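These figures come from a predicted structure and were not determined experimentally. Note: hydrogens, waters and symmetry copies are ignored here, and every other heavy atom, side chains too, is used.
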Amino acid sequence: MEQGRDRFRVTGGRRLTGTVRISGAKNAVLPILAAAVLCPEEVVIRGVPAIRDVQVMLTILRRLGVRVREEAGLDGLTLVLDPSGLSTAEVHEELTREMRSSIFLMGPLLGRVGWVRMAYPGGCAIGPRPIDLHLRGLQELGAHLEEKGGYIEATATRLRGREIYLDFPSVGATENLMMAAVLAEGTTVIRGAAREPEIVDLQSFLCAMGARVRGAGLDVIRIEGVRRLHGAEHTVAPDRIEAGTFMAAVAAAGGDVKLENVIAEHVEAPAAKLREMGVWVEEEADGSLRVRSRGGLQASDVKTLPYPGFPTDLQPQFMAVAAAAMGTSVITETIFENRFRVAEELRRMGAQIKVEGRTAVVKGVPRLSGAPVTAPALREGMALVIAGLAADGVTEVCGAHHVDRGYERLEEKLRGLGAEILRV
Ligand code: EPZ
């Protein structure tokens, strides 16, 4: 990351107009890259977003002995991965600390090699983020786990299929256990599974490699173990969170924008919420999603829920929209313990937000005003950029590197829609 150019300077008051192409989904491609480890032959992944979390995952894969070739294309990166030369199953601390979702390498490494040693992934700005559901599920599949010196070591001669029940529909635990079960002996049934579209995308990649997985998208997923996988190609599903983020940006700044490469069904919850506020959201005949807003939005309450409910990853962006809507919005965050940290930064811009535990009460103000603010994390950073687009004057958002984790060429895409945003 270039030192020094870690801020976005946003000048508010410009409507957004034009067309923007949504990239491949960060939260689909990360587990898919982990799943490649299960395969002893070359796989090709297309439509991969050029974001920092992908680069971190590719660094981890290269350290494990996976050969990686990247080819840039119009519709994102194409990755050619050759995991035949997998030489170790140890993931070092500086990498798991950089990206906690590397935890879902445990399942595929255990499945492929029968052993894995990984540093405990750090928490992050939105809560402690335990991994108990991952570890308990792997033990139920027959893995022997030991924790020492900040590392987890798991071994299994061969994992055995089991009925597993998740107390909470954890996205990562569902993905980790799906991948661990692919080469296990016998059948695994995951009950209480998460239903996110990224899990459906992972299932289609696993099946393309010859795995036998069914039910992703519902809360019961059945995996019949096979002996070996074979090479495959896969194109990553569109990023519904990036799409929802741009929808929120148009809502806040006003404008008329067409989003391309979106699956409308995946953004139904945020679209319904924005319609309640007075935003016009319609699917066009060519499959694109058109979003129009003349400003003057009505307040509306939101409660984050597992899919298909309103996604927690759009909650900070929604708070930025509600901050300048007419009336009071009550936001309830049911997924993470501590995901209102952006409120204190929005207050610097004139927002009136009261946080009580998992509830934030946002009293809309006529206009936010630009100010220097700091992004505590990825989605919260985007919320501050959105607030800057709608505010009077200039907003400097410090911490652009957080945003780069999950958004490809953000300032280029926003400038393409008429926004005034620079990286400084
Ligand atoms: C995935 O994280 C996403 N990340 C997150 O997106 C997203 O916010 C989250 O799912 C919820 O939708 C990726 O897919 C890479 P969880 P994950 O396991 O798998 C608790 C973004 O901005 N929990 O569903 O870590 C946990 O503490 C990121 O793109 C346990 O208690 O989410 C949290 O409160 C942020 N024990 C809740 O469940 C466990 O073993 C949701 O976690 C696992 C999770």
Side-chain angles (χ1 to χ4, degrees), residues 1 6-8 10 20-34 45 47-60 75-77 79 95 97-104 121-127 129 171-172 175 196-199 201-202 236-249 259 261-263 266-267 270 304 307 311-320 335-336 339 341-342 345 374-389 397-414 421 423:
M1 173 188 67
D6 192 32
R7 281 175 300 157
F8 288 122
V10 185
V20 63
R21 179 178 168 68
I22 300 300
S23 301
K26 165 176 93 78
N27 292 347
V29 71
L30 292 176
I32 283 170
L33 292 176
I45 318 288
V48 175
I51 54 178
R52 216 152 68 86
D53 274 9
V54 164
Q55 290 310 322
V56 172
M57 186 57 96
L58 293 180
T59 302
I60 295 174
D75 298 346
L77 292 176
L79 300 177
L95 289 169
R97 186 174 292 284
E98 169 124 12
M99 187 180 63
R100 81 173 287 288
S101 46
S102 43
I103 182 69
F104 49 44
C124 66
I126 56 180
R129 299 185 73 184
V171 173
E175 293 164 342
E196 272 69 6
E198 291 76 28
I199 295 168
D201 208 36
L202 174 62
V236 178
D239 194 322
R240 63 189 171 96
I241 303 300
E242 184 188 17
T245 301
F246 275 93
M247 290 159 68
L259 308 183
N261 194 35
V262 177
I263 297 173
H266 290 172
V267 290
T304 65
Y307 193 87
T312 174
D313 290 347
L314 288 176
Q315 179 264 101
Q317 298 91 315
F318 179 87
M319 182 182 277
I335 307 294
F336 288 107
R339 201 171 200 175
R341 291 185 48 191
V342 76
E345 297 303 314
T374 300
L378 161 60
R379 307 299 179 184
E380 291 70 7
M382 269 316 296
L384 293 169
V385 169
I386 288 172
L389 293 172
V397 182
C398 187
H401 67 279
H402 287 296
V403 173
D404 294 337
R405 289 191 54 183
Y407 292 91
E408 181 181 28
R409 297 181 291 105
L410 175 82
E411 71 266 34
E412 202 182 305
K413 289 184 177 181
L414 281 173
I421 176 170
R423 186 181 292 255

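In this structure, Val397 and Val403 have side chains that are not in contact, with every pair of non-hydrogen atoms separated by 4.5 Å or more. Within the 4.5 Å cutoff, the side chain of Leu414 has no heavy atoms near those of the Val20 side chain. Between Ile199 and Tyr307, every side-chain heavy-atom pair lies at or beyond the 4.5 Å cut-off. Contact check for Pro270 versus Phe318: no side-chain heavy atoms found under the 4.5 Å cut-off. Side chains of Arg379 and Val342 form no contact here, defined as non-hydrogen atoms less than 4.5 Å apart. A 4.5 Å side-chain heavy-atom check between Arg405 and His401 finds every atom pair outside the cut-off. Using a 4.5 Å heavy-atom cutoff, the side chains of His402 and Leu384 are not in contact.
Using modelled atom types and a 3.5 Å distance limit, the side chains of Ser23 and Glu408 yield a donor-acceptor pair.
Contact detail for Lys26 and Asp239: the closest heavy-atom pair is N-OD2, 3.1 Å. Nearest heavy-atom pair, Asn27 versus Glu175, reported as atom, atom and distance to 0.1 Å: O-OE2, 4.0 Å. Considering every non-hydrogen atom in both Ala28 and Val236, the closest pair reads CB-CG1, 4.0 Å. Here the closest non-hydrogen pair linking Gln317 and Met382 is CG-CB, 4.3 Å. Val267 and Ala243 get closest at one heavy-atom pair: CG1-CB, 4.1 Å. Annotation for Leu95 and Ser102: closest pair O-OG, 4.3 Å, computed over non-hydrogen atoms.
Distance check, rounded to the nearest 0.5 Å: CG of Asp201 to CD1 of Ile32 gives 4.0 Å. Note that CZ of Arg341 is 10.5 Å distant from OG1 of Thr374, once rounded to the nearest 0.5 Å. For the atom pair CG (Leu410) and CD1 (Ile421), the distance works out to 5.0 Å, reported to the nearest 0.5 Å. Rounding to the nearest 0.5 Å gives a distance of 5.5 Å between CZ of Phe246 and NZ of Lys413. Atom CZ of residue Arg52 and atom OG1 of residue Thr59 lie 10.5 Å apart, to the nearest 0.5 angstrom. Going from atom CD1 of Ile241 over to atom CG of Leu314 covers 4.5 Å, rounded to the nearest 0.5 Å.
At distances below 3.5 Å, not a single donor-acceptor pair connects side-chain atoms of Asn261 with backbone N or O atoms of Arg21.
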Going through the checks in order, is the side-chain contact (heavy atoms from CB on, under 4.5 Å) test met by Arg423 and Asp404?
CA-CA 11 Å; Arg423 186 181 292 255; Asp404 294 337; 2.8 Å; yes
Criterion salt bridge (charged side-chain N to carboxylate O under 4.0 Å, His left out) on Arg240 and Asp313, from CA distance to verdict
CA-CA 10 Å; Arg240 63 189 171 96; Asp313 290 347; 6.0 Å; no
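With salt bridges taken as basic N to acidic carboxylate O contacts below 4.0 Å, one links Arg339 and Glu380.
With sequence neighbours left out, the side-chain contact (heavy atoms from CB on, under 4.5 Å) criterion links Ser101 to Leu30, Met99, Phe104. Applying the side-chain contact (heavy atoms from CB on, under 4.5 Å) rule to Ile263 yields the partners Pro238, Glu265, His266; only residues at least two apart in sequence or on another chain are considered.
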